[in-house]
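In what follows, a structure is listed as structure tokens, so that the remarks can point back to it.
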Amino acid sequence: MDHFVKWFRNSTPYINAHRGKTFVVCISGEAVAAPGFQDLAQDLTLLTSLGVRLVLVHGVGPQLAQRLAGAALELTHHEHIPVLPAAALPALKTAIGATRLDIEAAFSSGLPQTPMDGAGLRVVAGNFVIARPVGVRGGVDHHHSGEIRRLETVAIRQMLQQEAVVLLSPIGYSTTGEAFFLQTEAVATHAAIALGADKLIFLEEGEEEADARAGSNRPDQLDPGQAERLAGAAGFPPARRAAWMGCIQAGRGGVPRAHLIPRRREGALLQELFTRDGIGTLITAGKYDVVREATVEDIGGLLALIAPLEARGILVHRSREQLELEIGNFVVMQRDQAILACAALYGFADEDAGEIACVAVDPDYRELGLGHELLAHLEQRAWTRGLRRLFVLTTQTAHWFIEHGYRPARIEDLPVARQALYNYKRNSKVFLKTLEAAPATRRP
Ligand SMILES: CC(C)(COP(=O)(O)OP(=O)(O)OC[C@H]1O[C@@H](n2cnc3c(N)ncnc32)[C@H](O)[C@@H]1OP(=O)(O)O)[C@@H](O)C(=O)NCCC(=O)NCCS
């Protein structure tokens, strides 16, 4: 029970953060055909119950392959683009039709004792994607293979507003009334950008992807540049490239967060969205700022940042010499060449304790979460160094620390060595946070 209560409380910030947001979730045809699809549909239903506006994009890989094989046809590729002859179009239409029906059926179940009980969710599919033919490339006619021209975003938004799940298939219609086969990942990426979605989520296939991140080399968080380097490296699985490139493109196209989640891992979607560290890889362009250890070269920038705060009595005065001596304790957040923020962690290793000090954000960059990020970074550092009790002494910023989980403490609670240095004239308030688990690496 304790575990449940703790887990539920910890998930609250994520529930609040996701409410009213638009998520584009891309699943493969394999996911729909898999025995666990009903569970995935339940997890997606849960998202909508928590107020998420859901656009679901599905693939048709195995469904199409099966029907093409039945018609003694095969999908060929030219320059990584499928070539879909007119003879294969009926197979595509039946594959998409059948997959849509399976999805609609899964979302319609409402058995008692399941999360679907009483959900009454509507799934809406339609002619939301306008396409044009790929045409002839390198002398090869791609026939019914198409590219996305635009999305009917107004119509999709109306459906989302009515709390329906919008279902998009890898097919688009041209203004001449023809149907064209589209790449599923491209539909999802395009939809996320065009709708200004808050998240683009790919549920990735692959046995190795079923491993938890801890047991694999799956990176936790990347910016689009890092993700591009990784996806472009030799040995990167070609089957995963389209989803990765979609996340990169979405990140650059203004989608704040793109997630790659192992589909075969039970409950991966919920773990990614409602736990502190997630389970997949998050690609976010939000990380323009580099947090790094300070060096003596930063002292000029540090002084410029903290001197005005020292003058106002918010921070304790530190001379240039003192900063030089203590520079190893400082981290800075840098954008281009400018130092936007700094903070320090002083360790008292024999007491498993640390002091957070000198947290300062350039006034032009306040209230953007930089202070939060820096504090989270120092808490991570403290955790890795085995420091479990974190102190902070402050005169004017008490509430900010309280909001970050720090609780009032007494001077006697400070490490003995720090008590001796306590400045009674300054009369700072003491706050303490006990780290019980590794601090979160991601914000809600
Ligand atoms: C405190 C400080 C580091 C926060 O940095 P930041 O990047 O603006 O913080 P975040 O964006 O993560 O958080 C902003 C939130 O903190 C609140 N906040 C900022 N300063 C606060 C303070 N002194 N007391 C209480 N809340 C404060 C803001 O109102 C905002 O709340 P909201 O999102 O509910 O509107 C920054 O204001 C600063 O440099 N202050 C001067 C130096 C200082 O006081 N340092 C601490 C002494 S060690």
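First listed ligand is number 1; within each ligand, the first listed atom is number 1. Sequence positions, counted from 1, serve as the residue numbers for this chain. Bear in mind that the values here come from a model prediction, so they are computed numbers and not experimental data.
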Check: Under 3.5 Å between some N or O of ligand 1 and some N or O of E367?
Finding: yes

Next item on the list: Work out whether the distance between some heavy atom of L374 and some atom of ligand 1 is less than 4.0 Å.
Entry: no

Margin query: Tell me whether T394 has any N or O atom under 3.5 angstrom from an N or O of ligand 1.
Written below: no

Check: Do the two ring centres, one from F348 and one from Y346, sit under 6.0 Å apart?
Finding: no

Notebook entry, point to check: Given that the side chain starts at C-beta and the backbone is N, CA, C, O, which of these parts of Q396 lies under 4.0 Å from ligand 1, counting heavy atoms, or is it both or neither?
Noted result: backbone

Note to self: With respect to G371, determine whether any N or O atom, backbone or side chain, lies less than 3.5 Å from an N or O atom of ligand 1.
What the structure shows: yes

Checklist line | Option set V359, L309, L370, criterion heavy-atom distance to atom 46 (C) of ligand 1, minimum | finding: V359

Check: With no hydrogens and no angle check, do the side chains of H259 and K199 hold a donor and an acceptor under 3.5 Å apart?
Finding: yes

Notebook entry, point to check: Hey, is I314 touching ligand 1 through its side chain, its backbone, both or neither, going by heavy atoms under 4.0 Å?
Noted result: side chain

Notebook entry, point to check: Under the 3.5 angstrom rule, does the side chain of D298 hit a backbone N or O of G301 as a donor-acceptor pair?
Noted result: no

Note to self: Looking at E147 and R132, is there a salt bridge between them, counting it only when a charged N and a carboxylate O are closer than 4.0 Å?
What the structure shows: yes

Notebook entry, point to check: Which ligand 1 atoms does L315 reach within 4.0 Å, using its non-hydrogen atoms?
Noted result: 47 (C)

Note to self: Can you see whether S28 engages R263 through a side-chain donor-acceptor pair at a distance of less than 3.5 angstrom?
What the structure shows: no

Checklist line | H372: numbered ligand 1 atoms lying under 4.0 Å from its heavy atoms | finding: 12 (O)

Notebook entry, point to check: Has ligand 1 got any nitrogen or oxygen that is less than 3.5 angstrom from a nitrogen or oxygen of A360?
Noted result: no

Notebook entry, point to check: Should the heavy atoms of other residues, nucleotides or ligands under 6.0 Å from CD of Q419 be counted, would the total exceed 12?
Noted result: yes

Note to self: Salt bridge check, R122 against E163: does any charged N sit closer than 4.0 Å to a carboxylate O?
What the structure shows: no

